[in-house]
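Below is one structure, written out as structure tokens; the observations come after it.
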Amino acid sequence: MLLFRMKFLQLLSRKCGGLEMLFQVHFCQKQVPYMCLATSTCHYSKKKKVNGYEQVDQEKYRNLVCSVTSYKTSAQTPETLFEEDNLLYGPADKHRSRVKTVETKTPKNWVPLINSNKRAPLLDSGSNLPLKISLQKSKIPSVTSILQQTIPPQQAFYLERWKQKMILKLGKDGFEEYTKNLFLQGKLFHATLESIFLSEEMPAKGQGEDTALSGYLSSVQHVLKDISEVKALESAVQHETLQYLGLVDCVAKYRGQLCVIDWKTSEKLKPSLQNTFDNPLQVAAYIGAINHDVNYDFQVSCGLIVVAYKNGSPAHPHFMDPDLCSQYWNKWLLRLEEYMERS
């Protein structure tokens with residue numbers, strides 16, 4: 001019975017004014033001390049959590065809050081906080097875009113792609129045969145060797161990984177035979193294209209039917225229809241100012257625009273210009289060499305890379321307009337400077 005009363009008083013004491021109301025009703029509103037009852041109930045309660053705010057002097061706390069909030073000028077304002085931060089940490093850094101701007105390097109020895117000193121001949125020579133200048137042995141470096149010796153590390157890594165993968169698949173001797181066949185197929189493909197442009201006749205359908213040549217020829221049929229006015233075939237070029245040389249596959253008009261045309265063979269699809277790696281730099285180097293070679297009485301401002309496929313899939317022609325050729329020309333000049341510094 002006593003335990004029941006204790007619990008009742010405990011529950012009643014949790015409600016604000018509960019005990020006071022109880023004793024005022026029974027003792028005719030006379031003040032009766034009841035703190036001992038509330039204390040005793042809390043002593044026997046195991047579930048009640050002690051609230052630290054109950055022990056705070058509410059009157060003093062209310063006065064403290066009023067004095068702080070009624071103070072007109074704060075000791076620290078936003079302006080003083082910013083000044084303090086500037087002294088401790090420096091000026092605030094505004095938000096910057098995370099996109100890094102790629103700095104375009106400028107070649108130290110910059111030479112224009114177009115030769116302003118070259119003038120077109122007043123009279124046509126009358127010869128319809130394309131130029132075919134033989135490549136002579138020289139100490140001057142070639143475009144191919146310069147690009148090979150300045151290949152970017154990432155590109156060299158992927159090339160070496162492909163090589164090791166093929167060696168594991170074919171063996172060392174098998175890989176050498178594989179690369180040798182690729183070279184021979186490419187050489188035969190270029191020779192066949194040269195004969196087509198000279199005779200302006202397509203080879204018979206049965207020719208090369210059992211070799212990869214038929215696949216490459218079928219692949220470029222739609223591109224050959226857009227090529228006209230061939231001016232050079234397998235012809236050597238040399239840049240007289242920058243001192244490098246190369247062998248151009250073809251110079252002709254593609255859809256009405258004079259281009260340096262580079263024929264490439266591939267077993268894998270290369271639908272974009274980025275898939276051709278350093279080939280655009282090679283084309284830009286040839287364009288610059290033609291424009292600064294006295295053996296050529298014309299200038300070129302466009303390029304074309306044609307990727308032919310062994311299985312006969314339609315070739316991908318990658319056209320390079322004058323602006324794109326200028327961009328790759330600057331990249332070529334940087335690679336040439338790198339080569340010269342290493343030499």
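All residue numbers refer to positions in the sequence shown, counting from 1. Computed from a predicted model, the values in this text were never measured in an experiment.
- Gln299 contributes a side-chain N or O that, together with a main-chain N or O of Asn115, makes up a donor-acceptor pair within less than 3.5 Å.
- Using modelled atom types, one side-chain atom of Trp329 and one backbone atom of Val111 make a donor-acceptor pair closer than 3.5 Å.
- Separation of atoms CG (Leu213) and CG (Leu193) is listed at 8.5 Å; rounding is to 0.5 Å.
- Proximity of a side-chain donor or acceptor of Lys118 to a complementary backbone N or O of Asp293 within less than 3.5 Å is detected.
- Among residues at least two apart or in separate chains, ring-ring contact (aromatic ring centres under 6.0 Å, His included) pairs with a member in residues 147-166 are Trp162-Phe175.
- Under a 3.5 Å cut-off, the side chain of Glu337 and the backbone N or O of Asn109 do form a donor-acceptor pair.
- Following chains of ILVMFWY side-chain contacts shorter than 4.5 Å, one can reach Trp263 starting from Tyr216, so the two form part of one hydrophobic cluster.
- Across all their heavy atoms, Leu233 and Pro130 have their closest contact at CD1-CG, 3.8 Å.
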Only distances under 3.5 Å count here; give the side-chain donor-acceptor pairs of residues 164-171 to other protein atoms, sequence neighbours excluded, each with its distance to 0.1 Å.
from: Gln164; atom 1: NE2; to: Glu160; atom 2: OE2; distance (Å): 2.7

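- Val283 and Leu242 fall within a single hydrophobic cluster, where Ile, Leu, Val, Met, Phe, Trp and Tyr are joined by side-chain heavy atoms under 4.5 Å apart, directly or via other members.
- With values rounded to the nearest 0.5 angstrom, Gln238 atom CD is found 9.5 Å from Leu135 atom CG.
- For Lys139, the side chain to side chain contact (heavy atoms under 4.5 Å, CB included) test picks out no residue, with sequence neighbours left out.
- Taking the side chain as every heavy atom from C-beta outward, Arg335 and Pro152 approach each other to under 4.5 Å.
- Residues Ser138 and Ile140 form a side-chain contact, since some pair of their non-hydrogen atoms from C-beta on lies under 4.5 Å apart.
- Between Asp278 atom CG and Thr150 atom OG1 the span is 7.0 Å, to the nearest 0.5 Å.
- Here the closest non-hydrogen pair linking Ser228 and Ala252 is O-CB, 3.6 Å.
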For residues 255-262, run the donor-acceptor check on the side chains, cut-off 3.5 Å, and write out each pair with its distance to 0.1 Å, sequence neighbours left out.
from: Arg255; atom 1: NE; to: Asp226; atom 2: OD2; distance (Å): 3.3
from: Arg255; atom 1: NH2; to: Asp226; atom 2: OD2; distance (Å): 3.4
from: Asp262; atom 1: OD2; to: Lys264; atom 2: NZ; distance (Å): 3.2

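- Residues Ser134 and Ala236 share a closest heavy-atom pair of O-CB, 3.7 Å.
- Looking at residues two or more places apart in sequence or on another chain, you find a side chain to side chain contact (heavy atoms under 4.5 Å, CB included) between Asp173 and Glu176.
- Under a hydrophobic clustering in which Ile, Leu, Val, Met, Phe, Trp and Tyr are joined whenever their side-chain heavy atoms come within less than 4.5 Å, directly or via other members, Met340 and Leu147 fall into the same cluster.
- Checked against side-chain hydrogen bond (donor to acceptor under 3.5 Å, both in side chains), Glu338 has the following partners two or more places apart in sequence or in another chain: Arg342.
- A side-chain contact (heavy atoms from CB on, under 4.5 Å) with Val251 is found for exactly one of Ile287, Val230, Val300, namely Val300.
- Partners of Ser272 under the side chain to side chain contact (heavy atoms under 4.5 Å, CB included) rule, at least two apart in sequence or in another chain, are Gln274, Asn275.
- Atoms CG and CD, on Leu247 and Gln282 in that order, are 10.0 Å from each other to the nearest 0.5 Å.
- For the pair Leu324 and Gln327, the minimum side-chain heavy-atom distance is below 4.5 Å.
- Not a single salt bridge (charged side-chain N to carboxylate O under 4.0 Å, His left out) links Glu177 to another residue, sequence neighbours left out.
- Residues Asn330 and Trp110 are in side-chain contact: their nearest non-hydrogen atoms beyond the backbone lie under 4.5 Å apart.
- Side-chain polar atoms of Ser235 and Tyr296 form a donor-acceptor pair below 3.5 angstrom.
- Cluster annotation: Val223 and Leu198 are assigned to the same hydrophobic cluster (Ile/Leu/Val/Met/Phe/Trp/Tyr, side-chain heavy-atom contacts under 4.5 Å, transitive).
- Legend: residues meeting salt bridge (charged side-chain N to carboxylate O under 4.0 Å, His left out) with Lys310, ordered by chain and number and at least two apart, are Glu267.
- Distance alone, capped at 3.5 Å, places no donor-acceptor pair between the Ser219 side chain and the Gly215 backbone.
- Within the 4.5 Å cutoff, the side chain of Asn295 has no heavy atoms near those of the Leu131 side chain.
- Applying the side-chain hydrogen bond (donor to acceptor under 3.5 Å, both in side chains) test to Glu194 and every residue at least two apart in sequence or in another chain returns Lys132.
- Residues that satisfy the side chain to side chain contact (heavy atoms under 4.5 Å, CB included) test with His316, not counting sequence neighbours, are Leu269, Pro271, Tyr309, His318.
- Taking OG from Ser301 and CG from Asn291, the interatomic distance works out to 8.0 Å, rounded to the nearest 0.5 Å.
- Each of Tyr339, Trp332, Tyr286 was checked for a ring-ring contact (aromatic ring centres under 6.0 Å, His included) with Tyr244, and the lone residue meeting it is Trp332.
- Taking 4.5 Å as the limit, every side-chain heavy atom of Leu245 sits out of range of all side-chain heavy atoms of Val237.
- Within 6.0 Å of NZ on Lys270 lie more than 12 heavy atoms contributed by other residues, nucleotides or ligands.
- For the residue pair Ser145 and Ser142, a side-chain donor N or O sits within less than 3.5 Å of a side-chain acceptor on the partner.
- Counting heavy atoms from C-beta on, the side chains of Met320 and Cys302 never come closer than 4.5 Å.
- For Lys268, there are no salt bridge (charged side-chain N to carboxylate O under 4.0 Å, His left out) partners two or more places apart in sequence or in a different chain.
- In this structure the side chain of Leu273 reaches within 4.5 angstrom of the side chain of Tyr328, judged on heavy atoms.
- Residues Val220 and Leu182 fall into different hydrophobic clusters, defined by Ile, Leu, Val, Met, Phe, Trp and Tyr side chains chained together at heavy-atom separations under 4.5 Å.
- Taking CG of Leu334 as the start and OG1 of Thr106 as the end, the distance is 8.0 Å to the nearest 0.5 Å.
- Taking the six-membered ring where tryptophan is involved, the planes of His292 and His239 are essentially parallel, since the angle between them stays under 30° and well short of 60°.
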